[in-house]
Amino acid sequence: MLKVDKVFPWETFRGKLESPYSKKPKWDVILLLKVLLIKFVYEISWLEGEIRDSKMFMKFLGGKVHQKSILLLQETVVDEGERMWTILMTQQGLRQGD
């Protein structure tokens, strides 16, 4: 387990991120949030190769992503990322573009 997982309250975001779904999402929303953060912080447009080749990213994601699933995860983040980001910014009283 990484130090950030011990310190950062990931689970506080779960309810807000799961609320727009009528059924349980295919991917864990915390995993999607972490992938979204990697994409945002490192300014990576296509994560598939970056995640697969980075031990640091895989460890940050908890080693829960099977190599064959990374492309599907990437597609989900592209599709859901905007919604997740909007939810998080609204929760914090911010809007995109601020």
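Values in this document were obtained by computation on a predicted structure and should not be read as measured data.
Between the Lys16 side chain and the Ile87 main chain, no donor and acceptor come within less than 3.5 Å of each other.
Residue Glu43 places its CD atom among 12 or fewer non-hydrogen atoms of other residues, nucleotides or ligands, all under 6.0 Å distant.
Take Lys39 and apply the side-chain hydrogen bond (donor to acceptor under 3.5 Å, both in side chains) test, not counting sequence neighbours, and it matches no residue. Applying the salt bridge (Lys or Arg N to Asp or Glu O under 4.0 Å) rule to Glu18 yields the partners Arg14; only residues at least two apart in sequence or on another chain are considered.
Rounded to the nearest 0.5 Å, atoms NZ (Lys6) and NZ (Lys3) are 8.5 Å apart. To the nearest 0.5 Å, atom CD of residue Glu50 and atom CE of residue Met58 are 13.5 Å apart. Here the straight-line distance linking atom CG of Leu61 with atom CD1 of Ile38 works out to 4.0 Å at 0.5 Å rounding. Note: Leu31 CG to Phe60 CZ = 9.5 Å, rounded to the nearest 0.5 Å. In this structure, Asp28 CG and Leu17 CG are separated by 9.5 Å, a value rounded to the nearest 0.5 Å.
Using a 4.0 Å cut-off between charged nitrogen and carboxylate oxygen, Asp5 and Lys34 count as a salt-bridge pair.
Among the candidates Val35, Val77, Leu32, the single residue satisfying the side chain to side chain contact (heavy atoms under 4.5 Å, CB included) test with Met84 is Leu32.
The two atoms that bring Trp10 and Ile30 nearest to each other are O-CD1, 3.2 Å, heavy atoms only.
Using the six-membered ring where Trp is involved, Phe8 and Phe13 have ring planes that are parallel, under 30° apart on the 30 and 60° scheme.
Residues Val4 and Phe57 fall within the same hydrophobic cluster, defined by Ile, Leu, Val, Met, Phe, Trp and Tyr side chains chained together at heavy-atom separations under 4.5 Å.
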